[in-house]
Enquirer: 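Quick one: the structure is below, and I'll ask about it shortly.
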Amino acid sequence: MPQIHPTAIIDPSAKLADSVIVGPYCVVEHDVEIGEGTHLIGQCRIGAYTTMGKNNVVHPFAAIGTEPEDYAFDNIVSYTKIGDNNRFREGVTINRGTHEETVTKIGDGCFMMANTHVAHNCQLGNNVIMVPFSGLAGYCEIGDRCLISGLSGMHQFCRMGRMAVLSGGSQISMDLPPFMIGDGRNGGVRGFNIVGMRRNGFAPETIRAIKDVYNIFFRSGLNTTNAIEKVKTEVEQLPEVVEFLEFVKSSKRGILTGDHHGRRS
């Protein structure tokens, strides 16, 4: 049976795996499912219609799966789905979907540091790191192994591609492509994530190809259409290069530039 502190409040409809630990003064609302090995340390809240996988840790004053901060929300059934092996530190807030049957989703192995916020309908991949006081507005999409640095934020409907980095204090309202480093208030792409690629075992030829993509897209002064064609003709079409190009072509908000001003044309 789960280990539940006598001061915790657990709705009768909640389903807790046998090895779950619920610390003092936690609140678990109705229609919640919590998987094996998950630990609610104390004084946290798990909102209605939340599903959590295995081996998650939730620290005090976190609120996971609570109602969205959206005027349009009308007390409907929507969901929060949390994967396995995530850490939610003090003061983390994650809101469930804002429309009927919609979902806010967190993958596996994510680390949400203190006072970070994930708004309604966001979709986060695996091994995402959010540093204290960073936040995502509604409907943002974050790829695997992204890093969102402290005091940074994203406008609603923005995307970050796999292994992208948003520098501390940045605010963006455009998309940040895979492997790139965004900096400033829509300030632009300042480099590519060479350290992350090396640490994750990318081959030297892949790193060189992504460096070439970075130089073409963000240092040559070309517009997006011409940059895409130049990459297709001059850079080996490795899977990571194709991934970058597909992300750019699917962007609805436009991608960050390589300079300090405006959108790409």
Side-chain angles (χ1 to χ4, degrees), residues 20-23 26-29 32-35 37-70 78-98 103-156 158-172 176 182 193 196:
V20 168
I21 299 173
V22 181
C26 293
V27 176
V28 178
E29 297 182 2
V32 167
E33 296 186 22
I34 300 179
T38 292
H39 185 188
L40 312 183
I41 291 176
Q43 295 175 298
C44 60
R45 189 179 197 97
I46 309 300
Y49 310 112
T50 297
T51 301
M52 303 186 75
K54 300 177 181 179
N55 302 317
N56 294 288
V57 179
V58 184
H59 286 253
F61 311 112
I64 311 295
T66 50
E67 293 183 359
E69 298 171 270
D70 184 352
S78 59
Y79 305 99
T80 307
K81 295 187 183 299
I82 309 291
D84 303 332
N85 302 305
N86 298 290
R87 288 180 284 172
F88 303 100
R89 292 303 303 254
E90 296 82 357
V92 169
T93 52
I94 300 174
N95 299 155
R96 60 187 172 106
T98 195
V103 179
T104 300
K105 185 176 181 181
I106 309 290
D108 301 331
C110 297
F111 189 7
M112 307 294 162
M113 298 186 190
N115 299 299
T116 53
H117 176 65
V118 178
H120 60 84
N121 300 94
C122 287
Q123 308 291 307
L124 277 65
N126 302 322
N127 303 111
V128 173
I129 298 173
M130 294 183 68
V131 181
F133 301 101
S134 60
L136 307 175
Y139 297 96
C140 288
E141 298 180 15
I142 310 298
D144 293 347
R145 297 191 179 278
C146 284
L147 171 61
I148 303 170
S149 300
L151 298 168
S152 60
M154 292 178 63
H155 190 278
Q156 60 186 357
C158 285
R159 303 181 302 153
M160 287 178 66
R162 180 165 67 108
M163 291 188 66
V165 176
L166 187 58
S167 296
S170 298
Q171 307 291 325
I172 62 173
L176 179 58
N193 189 9

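The structure presented is a predicted model; accordingly, all values stated were derived computationally and were not measured.
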Enquirer: Where do M113 and I129 come nearest, in terms of heavy atoms and distance?
Expert: CE-CG2, 3.9 Å
Enquirer: Less than 4.5 Å apart, side chain to side chain, heavy atoms only: is that true for H117 and N95?
Expert: yes
Enquirer: Rounded to the nearest 0.5 Å, how far apart are CD of Q43 and SG of C26?
Expert: 8.0 Å
Enquirer: Between NZ of K54 and CG of D108, what distance do you get to the nearest 0.5 Å?
Expert: 11.0 Å
Enquirer: Got a second to check how far H120's NE2 is from E67's CD, nearest 0.5 Å?
Expert: 12.5 Å
Enquirer: Can you tell me how far the CE atom of M160 sits from the CD1 atom of I172, to the nearest 0.5 Å?
Expert: 6.0 Å
Enquirer: Quick one, T104 and Y79 - any side-chain contact, counting heavy atoms below 4.5 Å?
Expert: no
Enquirer: Atom OG1 of T38 and atom CD1 of I46: how far apart are they, to the nearest 0.5 Å?
Expert: 9.0 Å
Enquirer: Could you give the distance from CD1 (I64) to CD1 (I94), rounded to the nearest 0.5 Å?
Expert: 4.0 Å
Enquirer: Search all heavy atoms of C122 against all heavy atoms of V118 and return the closest pair with its distance.
Expert: CB-CG1, 3.6 Å
Enquirer: Tabulate below the donor-acceptor pairs under 3.5 Å that side-chain atoms of residues 130-147 make, not counting sequence neighbours, or state none.
Expert:
from: S134; atom 1: OG; to: V131; atom 2: O; distance (Å): 2.7
from: D144; atom 1: OD1; to: N126; atom 2: N; distance (Å): 2.7
from: R145; atom 1: NE; to: N200; atom 2: OD1; distance (Å): 3.4

Enquirer: Which heavy atom of T80 sits nearest a heavy atom of G65, and at what distance?
Expert: OG1-CA, 3.2 Å
Enquirer: Residues two or more places apart in sequence or in another chain: which of them pass side-chain contact (heavy atoms from CB on, under 4.5 Å) with H39?
Expert: I21, I41
Enquirer: Considering only heavy atoms from C-beta outward, does the side chain of N85 approach that of V57 to under 4.5 Å?
Expert: no
Enquirer: With sequence neighbours excluded, tell me which residues meet side chain to side chain donor-acceptor pair (under 3.5 Å) with N56.
Expert: N86
Enquirer: Using every non-hydrogen atom in the two residues, find where S170 and S167 come nearest and quote the distance to one decimal.
Expert: OG-O, 2.8 Å
Enquirer: Should M112 and R89 count as side-chain neighbours, where that means a heavy-atom distance under 4.5 Å?
Expert: no
Enquirer: Would you find a donor on one side and an acceptor on the other, under 3.5 Å apart, between the side chain of Q123 and the backbone of G107?
Expert: no
Enquirer: Take T116 and F88 through the side chain to side chain contact (heavy atoms under 4.5 Å, CB included) test and state the conclusion after the steps.
Expert: CA-CA 9 Å; T116 53; F88 303 100; over 6 Å; no
Enquirer: Determine the minimum heavy-atom distance between R96 and A48, stating which atoms define it.
Expert: CD-O, 3.7 Å
Enquirer: Can you tell if the side chain of N121 reaches within under 4.5 Å of the side chain of Q156, non-hydrogen atoms only?
Expert: no
Enquirer: Verify side chain to side chain contact (heavy atoms under 4.5 Å, CB included) between L166 and S149, making sure each step is shown before the conclusion.
Expert: CA-CA 6 Å; L166 187 58; S149 300; 5.7 Å; no
Enquirer: Tell me whether R87 forms a cation-pi arrangement with F111, defined as NZ or CZ under 6.0 Å from the six-membered ring centre and within 45 degrees of its axis.
Expert: yes
Enquirer: Looking only at non-hydrogen atoms, find the nearest pair between V32 and Y49 and report the distance.
Expert: CG2-N, 4.3 Å
Enquirer: For M52, which of D84, V58, I106 qualifies under side-chain contact (heavy atoms from CB on, under 4.5 Å)?
Expert: V58
